[in-house]
Amino acid sequence: MNTSVVGLQWGDEGKGKIVDLLTAEHDVVVRYNGGANAGHSVVVDGVRYALHLIPSGILNPGKLCVIGNGVVVDPEKLVEEINGLRGRGVQVGSNLSISDRAHVVMPYHKEHDAALERVLASRVSEGESDLSIGTTRRGIGPAYADKIHRSTAIRMGELLDHERLLRRLKVICAIRTAELAALGVDSSPLDPFDLAERYAAFGTLLAPHVTDTVYLLHERLRAGSRLLFEGANACLLDIDHGTYPYVTSSNCSTLGVPAGTGVPGRRIDRVLGIMKAYTSRVGAGPFPTEQVNEIGSRIRERGREFGTTTGRPRRCGWLDLVAVRYSAMICGATGLACMLLDVLSGFDELKLCVGYRLPDGSRTDRFLPDAEGLARVEPIYETLPGWREEIVDASDRSALPARAQAYLARIEEFVGAPIDVVSVGPERKQTLVGAGAGD
Ligand code: IMP
């Protein structure tokens, strides 16, 4: 059985924990999109690991972890991550493979990302709109843009050939220096010799891991290995299907799996959609159920809603079921995992968004993936009674307070998919797997 794990909201749903749990029943864990903008935090035996590029399956010995061709790899961060894991006794060797076709995030991509955001935000003081996206400034957009430009892109395989790298960087650096200057970056010209040397050195360090992962994955499939596809970011940040333009630059929905790995979609047997019991978002963009008040603050504090990658406080609000149902449809979710349910203990009542009121007064139960359209809707809520009890020690779903069970049952009914997993805390043992209350 091959499984795809995907976030159904705007990221940070707790995919890392689920991937870590599911890894036991799979042989290979594969990343297919995104880059070091993603942050998975996984707690194993009380130790918190923050992973950005390496699949969290790396924490389980004996599993092969693959960074697919759809990922954009920042070699500096990757080497840092490998060293950090090794320093804590985690084995990283032949259990990590990186696609030779994955694109490289270079330092000028990160500079470009930050400079563009700065320029866009600064237009506000000139009376213009703020068009900045609120990116993680990890160079993701510029690296994917280069992939599409083709002529100025660098792939992982090229880091293994110093001469070739230098030849290309001589041209690229001249262009990038001019572009950065146009964006107001006042620095010395990019030095192709220095960059080629540093990045070829990363290539040497990473060479044992760099390979044709497409053939590798198909060989493993033929041998009967079970694959687990680990989505980064989340469906509502998908470049085609998310709240454009407030999205990331890859196909982070399940639709990104085939292109980002070379494995056809029909090989995915099960799609587990990961959702929080509420909604959160980092960066700019519409968020109809956002609570900029006591409710939002309480969720943020209880849920420790601060970015794994940037440390930014996350925006928090009620669960938007219209959004979750849309994502479940796009991703073909066969089941759901409802994370962070424990964060909602102690509210008198809980609101679930079950529709949107449009500016003309009409109602829709469809999600609006266009950011401007979504920014204009009013959420229509259903109110459910909350529960007072802390639930972090619950051992199975039937042990949850009746009101928590009713909350989960309403999610299942609205989204039209069963909740296979409920999470009530960061530890592996705080995970309730199996039959829903309605069974
Ligand atoms: P970028 O991916 O750095 O270009 O950022 C684009 C948007 O996606 C910003 O709003 C980011 O905050 C958001 N984003 C990117 N990756 C993640 C993630 O893993 N979790 C949550 N938000 C993310």
Side-chain angles (χ1 to χ4, degrees), residues 5-19 31-42 50-56 70-74 77 81 103 105-106 109-121 130-148 230-253 256 260 274-276 278-287 290 300 303-317 323 327 339-340 369 371 374-375:
V5 169
V6 63
L8 297 182
Q9 294 155 314
W10 281 289
D12 313 307
E13 294 89 354
K15 297 177 288 290
K17 175 178 174 180
I18 297 300
V19 169
R31 265 283 295 269
Y32 59 90
N33 78 296
N37 54 349
H40 285 171
S41 60
V42 183
L51 299 167
H52 298 282
L53 278 160
I54 303 182
S56 35
V71 177
V72 285
V73 177
D74 178 341
K77 285 258 167 250
E81 209 164 305
H103 281 250
V105 178
M106 298 293 288
H109 290 135
K110 290 182 267 190
E111 280 189 71
H112 188 117
D113 193 355
L116 185 60
E117 286 282 283
R118 260 196 316 272
V119 171
L120 290 169
D130 182 354
L131 297 186
S132 62
I133 305 283
T135 73
T136 60
R137 301 180 176 216
R138 295 293 188 270
I140 305 300
Y144 276 114
D146 263 350
K147 174 174 176 172
I148 303 303
E230 171 176 339
N233 326 119
C235 187
L236 299 180
L237 293 171
D238 186 285
I239 185 78
D240 284 290
H241 302 287
T243 47
Y244 196 88
Y246 298 100
V247 292
T248 188
S249 303
S250 64
N251 284 116
C252 18
S253 67
I274 318 298
M275 54 172 285
K276 285 179 179 173
Y278 49 89
T279 313
S280 73
R281 174 161 207 175
V282 246
F287 177 177
E290 182 174 15
R300 186 175 311 109
R304 296 208 276 164
E305 292 292 355
F306 299 89
T308 319
T309 302
T310 59
R312 289 182 286 180
R314 297 183 185 135
R315 303 157 61 193
C316 296
S327 294
M339 313 301 287
L340 291 136
L374 190 64

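Atoms within a ligand are numbered from 1 in the order they appear, just like the ligands themselves.
- The shell of residues lying under 4.0 angstrom from ligand 1, judged by heavy atoms, excludes Tyr246.
- Tested against Cys252 for a side-chain contact (heavy atoms from CB on, under 4.5 Å), the candidates Val6, Asp240, Leu236, Asn33 yield a single pass: Asn33.
- Close N/O approach between Arg312 and ligand 1 is found [any backbone or side-chain N/O within under 3.5 Å].
- Judged by the shortest distance from any of its heavy atoms, Ala38 lies inside the 4.0 Å radius around the atoms of ligand 1.
- Of the protein's heavy atoms, Val247 O, 3.8 Å lies nearest to atom 7 (C) of ligand 1.
- Residue Trp10 approaches ligand 1 through these ligand atoms, each under 4.0 Å from one of its heavy atoms: 21 (C), 22 (N).
- Checked for salt-bridge contact, Arg138 and Asp74 miss the test: no charged N lies under 4.0 Å from a carboxylate O.
- Closest protein heavy atom to atom 9 (C) of ligand 1: Gly134 O, 3.2 Å.
- Taking the side chain as every heavy atom from C-beta outward, Tyr144 and Thr248 never approach each other to under 4.5 Å.
- Scanning the protein heavy atoms around atom 20 (N) of ligand 1, the nearest turns out to be Asp12 OD1, 3.2 Å.
- With no hydrogens or angles considered, a side-chain donor-acceptor pair links Thr135 and Asp113 at under 3.5 Å.
- Residue Asn233 has at least one N or O atom closer than 3.5 Å to an N or O atom of ligand 1.
- In this structure, the protein non-hydrogen atom closest to atom 14 (N) of ligand 1 is Leu237 CD1, 3.7 Å.
- The shortest distance between side-chain heavy atoms of Val282 and Trp10 does not fall below 4.5 Å.
- Remark: minimum distance from atom 10 (O) of ligand 1 to any protein heavy atom is reached at Val282 O, 3.2 Å.
- One distance of note links CE of Met106 with NE2 of His112; it measures 15.0 Å at 0.5 Å rounding.
- Residue Thr136 has at least one nitrogen or oxygen atom sitting less than 3.5 Å from a nitrogen or oxygen atom of ligand 1, judged on distance alone.
- Rounding to the nearest 0.5 Å gives a distance of 11.0 Å between CG of Asn233 and CG of Asn251.
- Of the candidates Arg281, Lys276, Arg312, Glu305 forms a side-chain hydrogen bond (donor to acceptor under 3.5 Å, both in side chains) with just one, namely Lys276.
- For atom 5 (O) of ligand 1, the closest non-hydrogen atom of the protein is Thr135 CA, 3.4 Å.
- With respect to atom 2 (O) of ligand 1, the closest heavy atom belonging to the protein is Thr248 OG1, 2.5 Å.
- The shortest N/O to N/O separation between Asp113 and ligand 1 does not fall below 3.5 Å.
- Inter-residue side-chain proximity for Leu53 and Lys77 is flagged as met; some heavy-atom pair is nearer than 4.5 Å.
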